[in-house]
Amino acid sequence: MIDHPDIAPVTGWIGDQDYFVFREYDHFAPEPVLDVLHGHVAGVVFRDAVPVEVCAEIAARFWDSPHRLTRGTEAPGYYLGAYTWHKPTAQYLDESEQVNPILDDLLDVEGDPMKVFYAGLSTALAREGAIVRPAEQDGRVASRALLRSWHGGGEFALNPHDDYSQCADPQMADFERRGVLQRSVVALNICLENDLGGRLAYWNIQPDAGSKSRLGLSVTGSPYPPASLVDHETKYIEVNTGDIYVFNGAHVHAVEPNTDNTRTRTRTRTTLAAMMGFIDDHTVVTWS
Ligand SMILES: [Fe+2]
């Protein structure tokens with residue numbers, strides 16, 4: 001039980017022990033991603049799936065890019081790519097339109113891991129008559145990826161949050177992505193560098209509407225006070241350079257901080273990321 005009198009525990013959907021696992025593989029295979037997309041399992045990690053030299057090249061391009069931006073206090077860090085959080089659809093699509101050519105250039109490397117991932121996923125989805133493509137609206141498409149490096153200085157580098165709530169943001173009610181709300185909202189992360197720790201913390205709880213409303217997180221999904229989560233089982237997933245990990249983003253999750261305070265927090269945990277989900281039985285859309 002929690003000892004904080006002001007913060008009630010978050011309640012919601014809790015997966016059983018068969019579901020609440022991160023399956024591990026020593027190479028990339030698309031079929032397990034389908035299990036996450038279909039809600040059969042919480043997550044999957046493909047260890048050493050991307051060659052280190054490919055990761056190093058993309059990370060170097062990210063840090064050297066004049067288009068790399070700083071993100072504010074709600075999620076301090078650097079990023080390149082458009083993100084949907086707390087934004088109207090038109091703004092997101094404007095930003096996506098601007099950044100997609102930059103991402104195309106940046107990811108134009110031999111063995112682009114996004115290309116490899118989606119090629120594999122497309123093949124696997126085709127067997128069940130489904131496709132994967134960027135989310136669209138009026139002929140405009142979502143940002144193909146988001147590169148980011150978190151370095152919040154508190155208990156977490158990225159605060160506990162869920163990726164589902166923002167899909168219900170009324171500012172984006174007209175965005176095709178909204179179709180995922182009845183299904184699994186899935187996060188794709190490719191670890192480009194992580195030399196000083198920074199595990200993924202992942203709680204076995206998909207918060208219900210009442211809990212979100214009580215905490216004022218109905219459309220932001222962030223941040224959940226740690227005291228509201230202590231009743232729930234937590235998994236800590238180590239991620240290393242070259243790992244691809246895919247998980248159900250409706251569960252509360254966070255990024256642990258860098259453990260070495262003697263070194264700068266920059267350039268320590270950089271990921272290439274996207275979100276995805278089925279919007280109907282035959283279509284998986286991606287956004288960032
Ligand atoms: Fe997330």
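Note that ligands are numbered from 1 as they come in the structure, with each ligand's atoms numbered from 1 the same way. Counting from 1, the numbers follow the sequence of the chain as shown.
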request  = Return the set of protein N, O or S atoms whose distance to the Fe ion (ligand 1) is under 2.8 Å, each given as residue and atom.
outcome  =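 Near the Fe ion (ligand 1), below 2.8 Å, one finds His161 NE2, Asp163 OD1, His253 NE2.
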inquiry  = Is the distance between the ring centroids of Tyr236 and Tyr202 under 6.0 Å?
reply    =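 No, ring centres 6.0 Å or more apart.
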query = Is the centre of the Phe278 ring less than 6.0 Å from the centre of the His38 ring?
reply =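 Phe278 vs His38: aromatic centres under 6.0 Å.
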query = Looking only at side chains, do Thr270 and Glu193 share a donor and an acceptor under 3.5 Å apart?
reply =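 A donor-acceptor contact under 3.5 Å links the two side chains.
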query = With distance as the sole criterion, is a donor-acceptor pair present between the side chains of Asp174 and Thr89 under 3.5 Å?
reply =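 Yes - a donor-acceptor pair under 3.5 Å links their side chains.
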query = Using the ring of each side chain (for Trp, its six-membered ring), is Tyr245 parallel, tilted or perpendicular to Phe247, with breaks at 30° and 60°?
reply =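 Taking Phe247 first and then Tyr245, their aromatic rings lie parallel (interplane angle under 30°).
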inquiry  = Quick check on side-chain contact (heavy atoms from CB on, under 4.5 Å): which of Val99, Leu146, Leu272 does Leu80 satisfy it with?
reply    =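 Of the listed options, the one satisfying the test is Val99.
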